[in-house]
Protein chains: 2
Amino acid sequence: MLAAARRLFASRDPRAVTMDDIAREAGVGRGTLYRRYPDTVSIAVALLDAHERELQEKLLHGEPPLGPGAAPAERMAAFYTAMVELLDQHIDLVLGAEVGDARFTGGAYGFWRVHVRSLLVEADLADPDALVDILLAPLAPEAFRFQKETRHLGPDRITSALHLLARGVFR
Amino acid sequence: MLAAARRLFASRDPRAVTMDDIAREAGVGRGTLYRRYPDTVSIAVALLDAHERELQEKLLHGEPPLGPGAAPAERMAAFYTAMVELLDQHIDLVLGAEVGDARFTGGAYGFWRVHVRSLLVEADLADPDALVDILLAPLAPEAFRFQKETRHLGPDRITSALHLLARGVFR
DNA sequence: GTCATAAGTGGACGCACCGTCCAGTTAATT
DNA sequence: AATTAACTGGACGGTGCGTCCACTTATGAC
């Protein structure tokens, strides 16, 4: 069922994938699908979960500069690099998982938020609570998709620009 | 009809307002509504248009620091201030107008993009094409709404944080 | 091995919204 | 007054949603 969903998310606009589509592709009835997942968002989240946990683990206990030990500015830049990589590899799943408000209500955003906020606090910057969501905004999947698909920017250029941002904010 | 739509956008989640709702509230049939507007997005855009044009005019021919004459960093900060004000006053309309991809395909985003890009060029910063969308990302209505409604941040704090961003990027 | 109970399955159902279409009405023109 | 044009509002078919339930399959007791 998850494999069927992954195929569909990859093969067309993830936001247009319906529960019927997934059920049909998986060869099961709608009721069976609904028994396990309440909507397409939670299916995309389930598919994305492993990758997000992996990054979260590296942020908490990995090597610097992603993990603890490096200066906040370095860690922020490394975080941007890792997030762009994750977005680039799984943009279809992230688009499926973070449609509309789901981006903010899902657990992953909370994790990124706590992490970046702690970096801001460590760097002793003014009003981390206001800055944190601003620094995370460029990682919104819709924004990334626009840069990638419409503006034809590669992950490297996006990452470089984000590094400029990180360097600018973290004096 | 526009008045009815404005009432509805203001009174509930703008993304949940349907064409039937607006037609009923306006006291006309669905067909009549569709004759003038193809979807709810274009209705929200029509309501927002006047306010956006006003700001665009100020950017092009107004007094500095919003208009021409001030340093790019100053103009960027002023632009952030004005955009936060616009978002704060009309968040319901912007949410209705920029749902999903509409944010990027609508004409307004293109205008903001050209403006900010020209400031980046004037300041001689690296890769304006990559930076511009990153600097505009925090102005996405979903992000602003999250900061305002969920994080309970006032426009002043958001503006200050954005100024920090502008100052950081524009050396 | 048989039977009762539980867990699981898949499609049918009613609902909401979409976008189109058209018969009827109203206004404009000569 | 008559002809034409423009407008109106609801009916229609289509799609996706989420629930519900008759049926099948697995589990465990005797």
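Each chain gets a letter, A, B and so on, in the order its sequence line appears, and its residues count up from 1.
Residue A:Tyr34 has its side chain nearest to D:dC17 when only D:dT8, D:dC17, C:dC17 are considered. The side chain of B:Arg30 sits closest to D:dA11 out of D:dA11, D:dT19, C:dT9.
Atoms CE (A:Met19) and P (D:dT15) sit 19 Å apart, rounded to a whole Å. In this structure, CG of A:Asp39 is placed 11 Å from P of D:dT19, rounded to the nearest angstrom. Taking atom CG of residue B:Leu33 and atom C1' of nucleotide D:dG10, one finds them 13 Å apart after rounding to whole Å. Across the protein-nucleic acid pair, B:Arg15 atom CZ and C:dC17 atom P stand 16 Å apart, rounded to whole Å. As a whole-Å value, the separation of A:Tyr37 OH from C:dT9 C1' is 16 Å. Rounding to whole angstrom units, CD1 of residue A:Ile22 and P of C:dG10 are separated by 15 Å. Summarising the geometry, the separation between CZ on A:Arg24 and C1' on C:dT9 is reported as 17 Å, rounded to the nearest angstrom. What separates CG of B:Asp21 from P of C:dG19 is a distance of 14 Å, to the nearest Å.
Cluster membership check: A:Phe170 does not share its hydrophobic cluster with A:Val114, using side-chain heavy-atom separations under 4.5 Å among Ile, Leu, Val, Met, Phe, Trp and Tyr. Under a hydrophobic-cluster definition in which Ile, Leu, Val, Met, Phe, Trp and Tyr are linked whenever side-chain heavy atoms come within less than 4.5 Å, directly or via other members, B:Val121 and B:Val116 are assigned to different clusters.
Checking the phosphate oxygens (OP1, OP2) of D:dG9, a side-chain nitrogen or oxygen of B:Thr32 falls inside 4.0 Å. Between B:Arg36 and the phosphate of D:dT8, there is a side-chain N or O to OP1/OP2 separation shorter than 4.0 Å.
More than 12 heavy atoms of other residues, nucleotides or ligands lie within 6.0 Å of CD in A:Glu57, so this atom counts as buried by the packing criterion. With a 6.0 Å radius and a threshold of 12 heavy atoms from other residues, nucleotides or ligands, B:Glu149 has its CD atom above the threshold.
Where B:Arg35 and A:Thr18 each meet DNA chain D at their nearest nucleotide, the meeting point lying more 5' is that of B:Arg35.
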